[in-house]
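Below is one structure, written out as C-alpha cells; the observations come after it.
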Amino acid sequence: MEIINLQTKAQLDIYMNPQRQSLLRILEKSKMPRTPKDLSLELGVSASSIQYHLKKLESLGLVYMDHTANIRGITAKYYAPTRVTVRIGGGKEDTLINERVALSRNLVADVLDNTISTIFRPNQEKCCGDVKTGVAHLTSNQAEELQTIIHEYLEKVNTPSKDTEPWEYALMYYRIKEKQ
C-alpha cells in the first residue's frame, strides 16, 4: 500500500482541515464513490465548498475522481478515497511538531468520540466495537512482527465490498522507556 508522508506545513494544513477530515471519513465509510452534491447534502455545506476541499485532498493523493456520469444533462463527478496510509510524521524532530501533535490528538479524539457513541449506546448489538488498553512485553523481534502483522492485515481489509461493513479504528502503540 502506498504511504503518503505529510512533510510540509502546506500538506499538514490541507490534511488538518476539519471539513476535509469529515469528507475523508464519509468517503472512507462509503462503499461507492460520491458526488460533491451528495456530500454537500450530508455535510450541510455548498457543493462548491465540497469541490474546493476535494481538490485540496486530491492534491495530496487522498481522493481521486473515480468516474463521471451524465445526470439530467449535467456531468456529475464521483469521488472515492485513495487506499493509502497517511504518515503524520511521528518521531520527526522539526518545526511542525506542534501541528503533528494537534493533528494526532484530533484524529484520535474523533475516533474515540465515535467509538463511545457507538459501543455505549443502550440496546447495542453484539460485536459493535471495543476499547482495549494495556501493556505488552515484547522483544525487538516481536515488536517488529506485531507491526508487520498489523500493517499487512489492515492493508488486506482496506477496500470496501458488498460483503463488508466499515469499522473505524485508532491504533496507538509505543515503546515505554523506563525511568532510570
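Because only heavy atoms are used, hydrogens play no part in the values below, and waters and symmetry mates are left out as well, while side chains stay in.
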Which heavy atom of [X] sits nearest a heavy atom of [Y], and at what distance?
| X | Y | result |
| --- | --- | --- |
| K77 | P36 | O-CD, 3.2 Å |
| S46 | S40 | C-CB, 3.7 Å |
| S30 | P160 | O-CG, 3.9 Å |
| R20 | H53 | NE-ND1, 3.0 Å |
| N17 | Q19 | OD1-N, 2.8 Å |
| T115 | D130 | CG2-O, 4.4 Å |

Joint hydrophobic cluster, [X] plus [Y], side-chain heavy atoms closer than 4.5 Å:
| X | Y | value |
| --- | --- | --- |
| Y79 | Y52 | no |
| L154 | Y173 | yes |
| L39 | Y78 | no |
| V111 | M16 | no |
| L107 | L62 | yes |

Out of curiosity, [X] [atom1] to [Y] [atom2], how far, rounded to the nearest 0.5 Å?
| X | Y | atom1 | atom2 | value |
| --- | --- | --- | --- | --- |
| N70 | T75 | CG | OG1 | 5.0 Å |
| L23 | L54 | CG | CG | 5.5 Å |
| N141 | L146 | CG | CG | 12.5 Å |
| S140 | R175 | OG | CZ | 7.5 Å |
| M32 | L27 | CE | CG | 12.5 Å |
| H151 | T85 | NE2 | OG1 | 5.5 Å |

State plainly whether the residues [X] and [Y] are in salt-bridge range, i.e. N to O under 4.0 Å.
| X | Y | answer |
| --- | --- | --- |
| K55 | E58 | yes |
| D94 | R100 | yes |
| E155 | R83 | no |

Below 4.5 Å, heavy atoms only, C-beta onward: do [X] and [Y] meet side chain to side chain?
| X | Y | answer |
| --- | --- | --- |
| K29 | R25 | yes |
| L60 | Q11 | yes |
| P166 | E28 | no |
| E144 | Q142 | no |
| R34 | V63 | no |

Dump the intermediate steps for side chain to side chain contact (heavy atoms under 4.5 Å, CB included) on H137 and V135, then the final yes or no. CA-CA 7 Å; H137 296 269; V135 175; 3.9 Å; yes
Distance only, no hydrogens: is a donor on one side chain within 3.5 Å (strictly under) of an acceptor on the other, for D13 and Y15? no
Under the side chain to side chain contact (heavy atoms under 4.5 Å, CB included) criterion, do I4 and L6 qualify, and how do the steps go? CA-CA 6 Å; I4 295 177; L6 302 180; 4.2 Å; yes
Step by step, work out the side chain to side chain contact (heavy atoms under 4.5 Å, CB included) result for L12 and L96. CA-CA 9 Å; L12 283 168; L96 301 174; 3.8 Å; yes
Judged by atom type as modelled, is there a donor-acceptor pair below 3.5 Å linking the side chain of K56 to the main-chain atoms of I14? no
Residues H67, M65; criterion side chain to side chain contact (heavy atoms under 4.5 Å, CB included); working and verdict: CA-CA 6 Å; H67 68 279; M65 187 177 59; over 6 Å; no
